Amino acid sequence: MKKSAIHFPEDLKNKLRGRWNEEWRKENRKKMNVKERMSLERTPMLENEPMERIKGFFEVNKGYTPEMALSEARRCMDCPNPTCVLGCPVSIDIPTFIKKIEIGDFLGAVKVIKETNSLPAVCGRVCPQEDQCEGNCIYTKMGKKPVAIGNLERFVADYERTQGAVEVPEIKIKKNKKIAIVGAGPAGLTAAGELAKMGYKVKIFEALHKPGGVLVYGIPEFRLPKAILEKEIDYMKKMGVEIITDFVIGKTATIDELRKEGYEAFFIGSGAGAPWFLGLPGEELNGVYSANEYLTRVNLMKAFKFPEFDTPIPRGKRVAVIGGGNTAMDSVRTAKRLGAEHAMILYRRSRVEMPARIEEAKHAEEEGIEFKFLTNPKRFIGDEDGWVKQVECIRMKLGEPDASGRRRPIPIPGSEHLIDVDIVIIAIGTKPNPLIPNTTPGLELEKWGEIKVNWDTMKTSIPDVFAGGDIARGGATVILAMGDGRKAAHEIDKYLSGE
Amino acid sequence: MYKIIFNRPIAYKVKHMRVKAPFVAWKRKPGNFVIVISEENGERIPLTIVDSNPNDGTIDLIYQEVGTSTYRMGRKKEGEDIYRIVGPLGKPTHIEKFGTVVAIGGGVGIAPLFPIAKGMMEAGNRVVTILGARTKKLIILEKEMRDISDDLRVWTDDGSYGKKGLVTHALQELIEEGLRPDLVIAIGPTIMMKFVAKMTKENGIKTLVSLNPIMVDGTGMCGACRVIVGGKVKFACVDGPEFDGHLVDYDNLILRLKAYREYERESLERFARFYPQLRSYIFGGEK
Ligand SMILES: Cc1cc2nc3c(=O)[nH]c(=O)nc-3n(C[C@H](O)[C@H](O)[C@H](O)COP(=O)(O)OP(=O)(O)OC[C@H]3O[C@@H](n4cnc5c(N)ncnc54)[C@H](O)[C@@H]3O)c2cc1C
Ligand code: FES
């Protein structure tokens, strides 16, 4: 198991306890007793209607109104030992921010979140809360619906932004040291923001023409509006972070070459961008895509606006997406919005093993996505023009649990069958791109090409090179990438201060 | 934004652009390419770097106007900008002294061939060049190629210039004359490379081809550029674009290059509606 960013030091416990004992908190707890709080229902997210939303790419969730946020905040019992915080990879002081909402101090609430999370508007939308904070909420343990921590996080972040209340911190000390960050995904952006706050000269080198990483090329508009991301990136720029796009480390320049240009420390946050294919016959047919290509065309290149934008994307009528994670959900829901009559998920295990966020699977279902569980592709069959027309699949059953703890799927002999398709999207995961390792002598790697790091310091095998996010973890999450970026920033500061 | 130094026609619908891209210019080697986005709503398209000048920070691109992206580029004037250029991408050509190198360029494929042939010449090889095209007007860089070649022959399909016939005929002729090439480099239409490779395989001559599949990022992150080489899937943008010509599945590449035909037509129709003055240039055919 990889070590997650969770480590609950004594000082965090003290911080939480100290705040829990503040007068306003005590007063607030008295306003409503636990029984009353427990009797409140979880406030559902306002959503656009499924049949409406599949006609476009606008955001599905509409957010909370202030009234809704207040009533949801009241459900939180303000536990003395808030286990939700333990579930958060960056240990946000969750009860304090929720109680600030309850007293109507929305901006105060964002401040609390921003102590450890610089992208709350993003995380409120894309974190797998059910595995983290909400999964550790006392209500969950009681078999009830958890406090909607993610929705509340999103609410205060959006409130701050729409009120124009985002403050750019004043950077008092300027440090005359240059740091290079590779990749403008959540890991790189967070590391850059933190280091800029400390006064360093920070430059991000990004291969693509827009910053954001997966947030800009992978996660679709209907889940994370790009305007929100742009605001976050503007904020970084205002803090003095410089972003150089169209610059591929390993090609345009190597780490060693940048070092000669006077950069004194490096953070590699280049993600796990290289797609896995299945290695099945027919994978080279037209109409067979990696999810990365499909989503990049649609999101980064705006192919959904073709021909207004030049990049095309075929609008399939029968689209099969292979996989069960967030990427698969994003792909299949994108296909639906591009007009697919049958947008299907083919997944070799069953519903409970699907790694996608629960909300994504729920939204997909509402939108009429067809789930074919325990179904595994064997080959792709093309027409005379070399375009995919069918997938041959085999049915599976679940056997004993494997190394991941999930039950291993086993093919059922003789259950082969054909599914008609005109687009196939392969969404079975990604691996680190070898470009940087191949051009950085001395950089040690893990089994699948992840950069080897010391998880306490994010140091790699090269003294002035740090790494984090998906390049070190393999495919993980936005919040873990951010947590790594933040930790690395503090370690870089120590390193450069000679500690 | 990348400033255009000049952008001028060198053959029918073929243009030569020099553009400022200092980060690319200083690092670029023969065989490298760039991804170009000409305008904000444009596509990412790969173009081989034909030449570069690290002192001025410029690179030279030669492109044929075939679709919306290249017509967009074609409209641009000196002093205007290209939205984005990233590179140098791809593996540079492996250049060493092989002995005799036959460089075969077909149509606009002569452009990417030029820097490689030049590199081969500089490494001390004897360079024998074959330039081919449908017709005289489509032969480009003849003078430049002549300057770096020990021998240069032009063949056209219609016989309007040089000898009449295909580049494979030219290669046949060379072999019949007794030339024993140590290496053949062929760059041009996929079908041309296919037939050159077939011939060199029969003659046991090592052959390099440069493939031009559709690309998106150009850094190995999407797989749009996948090609089959020796039965294995390769990403042309990072594993190539040059491959052993005897191992490439050309038929698959030909099919994959047609994937967006209808979309390309639709996009170009729309482009022509915006620029009615270009309509006859775009759709009019050769005059
Ligand atoms: C479709 C999809 C949906 C997802 N949904 C969720 C979700 O709902 N919730 C969640 O928590 N996680 C989700 N994830 C995972 C999450 O997006 C990643 O874990 C996270 O983005 C990793 O951040 P990162 O900064 O490490 O890398 P990335 O976001 O991958 O960013 C890396 C950046 O580095 C750049 N780069 C790469 N190589 C170079 C180079 N050589 N030179 C310069 N720049 C380079 C890349 O272009 C990119 O911009 C999803 C992933 C995908 C693909
Ligand atoms: S162009 Fe995307 S991987 Fe080659």
Side-chain angles (χ1 to χ4, degrees), chain A residues 205-210 217-218 244-254 257 270-277 279 283-297 300-303 305-315 382 384-387 426 430 433-435 438, chain B residues 2 21 23-24 26-28 32 34-35 37-45 67-69 72 83-90 214 216-228 232-233 235 238 249 251-264 266-271:
Chain A
F205 295 92
E206 167 55 49
L208 292 172
H209 59 284
K210 281 187 192 158
Y217 76 73
I244 313 283
T245 54
D246 315 303
F247 201 108
V248 186
I249 299 299
K251 287 287 177 189
T252 316
T254 60
E257 284 159 348
S270 56
W276 282 109
F277 280 91
E283 217 161 26
E284 70 288 351
L285 289 165
N286 284 330
V288 179
Y289 289 88
S290 72
N292 262 12
E293 180 183 354
Y294 190 79
L295 292 171
T296 300
R297 283 178 176 273
L300 181 70
M301 305 312 295
K302 305 248 181 296
K305 293 188 185 165
F306 178 90
E308 191 188 323
F309 280 69
D310 291 347
T311 305
I313 191 78
R315 294 175 174 250
E384 54 282 5
D385 298 326
W387 199 277
I426 297 168
T430 53
N433 191 318
L435 210 52
N438 285 348
Chain B
Y2 299 78
F23 290 141
V24 182
W26 83 276
K27 197 68 195 290
R28 159 275 162 179
N32 282 141
V34 283
I35 293 271
I37 315 176
S38 55
E39 275 161 43
E40 201 172 343
N41 61 343
E43 267 187 286
R44 294 174 68 98
I45 59 161
T68 307
S69 299
R72 271 193 206 290
Y83 177 58
R84 291 305 163 84
I85 295 177
V86 60
L89 302 172
I214 293 165
V216 181
D217 60 297
T219 64
M221 92 48 148
C222 77
C225 63
R226 60 196 195 277
V227 288
I228 303 175
K232 293 210 178 73
V233 172
F235 288 6
V238 284
D249 181 342
D251 295 339
N252 177 247
L253 177 58
I254 290 170
L255 283 178
R256 284 188 67 80
L257 283 167
K258 288 186 193 152
Y260 296 97
R261 274 282 159 85
E262 282 165 46
Y263 295 91
E264 284 156 8
E266 181 185 347
S267 175
L268 196 55
E269 270 297 336
R270 182 174 182 278
F271 180 79

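A, B, ... follow the sequence lines: proteins, then strands. Residue 1 opens every chain. Bear in mind that the values here come from a model prediction, so they are computed numbers and not experimental data.
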When [options] are compared by non-hydrogen pairs under 4.5 Å with chain B, the top option:
options	value
A:Leu208, A:Thr430, A:Leu295	A:Leu208
A:Thr296, A:Leu285, A:Asn433	A:Asn433
A:Tyr294, A:Tyr217, A:Phe277, A:Tyr289	A:Phe277
A:Ala303, A:Gly386, A:Gly273	A:Gly273
A:Val248, A:Asn292, A:Asn286, A:Thr311	A:Asn286

Residue selection (most heavy-atom pairs with chain A, distance under 4.5 Å) from [options]:
options	value
B:Gly218, B:Ala21, B:Gly90	B:Gly90
B:Leu89, B:Asn41, B:Asp249	B:Asn41
B:Val24, B:Asn252, B:Asp217	B:Asn252
B:Glu264, B:Lys258, B:Arg72, B:Glu269	B:Arg72

Side chain, backbone, both or neither: which part of [X] has a heavy atom under 4.5 Å from chain A?
X	value
B:Arg270	side chain
B:Ile85	backbone
B:Val216	side chain
B:Tyr83	side chain
B:Leu268	neither
B:Arg44	both
B:Glu40	backbone

Give, for atom [atom1] of [X] and atom [atom2] of [Y], the distance between the pair rounded to the nearest 0.5 Å.
X	Y	atom1	atom2	answer
A:Met301	B:Ile37	CE	CD1	5.0 Å
A:Glu308	B:Ser267	CD	OG	11.5 Å
B:Tyr263	B:Glu43	OH	CD	12.5 Å
A:Glu293	B:Met221	CD	CE	10.0 Å
A:Asn438	A:Thr254	CG	OG1	12.5 Å
A:Asp310	B:Ile45	CG	CD1	9.5 Å

Region of [X] that comes under 4.5 Å of a non-hydrogen atom in chain B:
X	value
A:Pro434	neither
A:Glu257	side chain
A:Lys251	both

Residue B:Glu262 excluded, over 12 heavy atoms near CD under 6.0 Å: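 Atom CD in B:Glu262 is not packed in, count stays at 12 or less.
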Pairing residues for A:Asp385 by the side chain to side chain contact (heavy atoms under 4.5 Å, CB included) criterion, not counting sequence neighbours: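 A:Asp385 satisfies side chain to side chain contact (heavy atoms under 4.5 Å, CB included) with A:Asp383 once adjacent residues are dropped.
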For B:Arg84, all residues meeting salt bridge (charged side-chain N to carboxylate O under 4.0 Å, His left out), sequence neighbours excluded: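 Partners of B:Arg84 under the salt bridge (charged side-chain N to carboxylate O under 4.0 Å, His left out) test: A:Asp246.
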Salt-bridge present (A:Glu283, B:Arg226; N to O < 4.0 Å):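 The answer is no: the pair does not qualify as a salt bridge.
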Aromatic plane relationship, A:Phe247 with B:Phe23 - under 30° parallel, 30 to 60° tilted, over 60° perpendicular: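 If you compare the ring of B:Phe23 with that of A:Phe247, the planes turn out perpendicular.
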Beyond-backbone contact of B:Val233 with A:Glu284, side-chain heavy atoms, under 4.5 angstrom: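 No; the side chains remain at least 4.5 Å from each other.
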